Amino acid sequence: MTSYDLTLDEMLSDPIVRRLMERDGVAEAEVRGLSDYVRRRRGPQNRSSTPERIGEEPRVFIG
């Protein structure tokens, strides 16, 4: 099984995620607002990876 991180846009475009959001009464604007709020609270991140990836952590490579 391959593991990869999704961007918020990729996650929100998934039909299953959309159906779950609809069922639960969650609007896309709410999810994006929460994401922005968390990003601001966390502050600047010093990492070379793309910051919009969900759940992505810095990777450390040992020689």
Side-chain angles (χ1 to χ4, degrees):
M1 175 181 224
T2 302
S3 174
Y4 62 93
D5 297 317
L6 298 173
T7 65
L8 184 57
D9 288 335
E10 290 168 336
M11 183 185 76
L12 290 174
S13 69
D14 184 282
I16 295 172
V17 171
R18 300 301 291 196
R19 294 279 310 259
L20 289 170
M21 288 171 58
E22 182 180 339
R23 182 199 68 186
D24 294 339
V26 176
E28 181 177 330
E30 292 176 287
V31 175
R32 290 187 182 280
L34 178 59
S35 176
D36 290 341
Y37 171 78
V38 170
R39 189 177 295 120
R40 285 191 310 272
R41 293 280 302 194
R42 287 183 70 188
Q45 301 294 307
N46 294 326
R47 54 185 162 169
S48 60
S49 60
T50 308
E52 64 270 6
R53 294 283 174 183
I54 305 295
E56 189 169 279
E57 295 296 326
R59 291 174 172 80
V60 177
F61 296 97
I62 300 174

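None of these values were measured; they are calculated from a predicted model.
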Item to check | Within one Ile-Leu-Val-Met-Phe-Trp-Tyr cluster: Leu6 and Leu20, side-chain cutoff 4.5 Å | outcome: no

Item to check | Carboxylate-amine/guanidinium proximity below 4.0 Å for Asp14 and Arg19 | outcome: no

Checklist entry - Between Met11 and Val31, which heavy-atom pair has the shortest distance, and what is it? => result CE-CG1, 4.3 Å

Checklist entry - If we only count heavy atoms from C-beta on, is the Leu34 to Glu30 side-chain gap below 4.5 Å? => result no

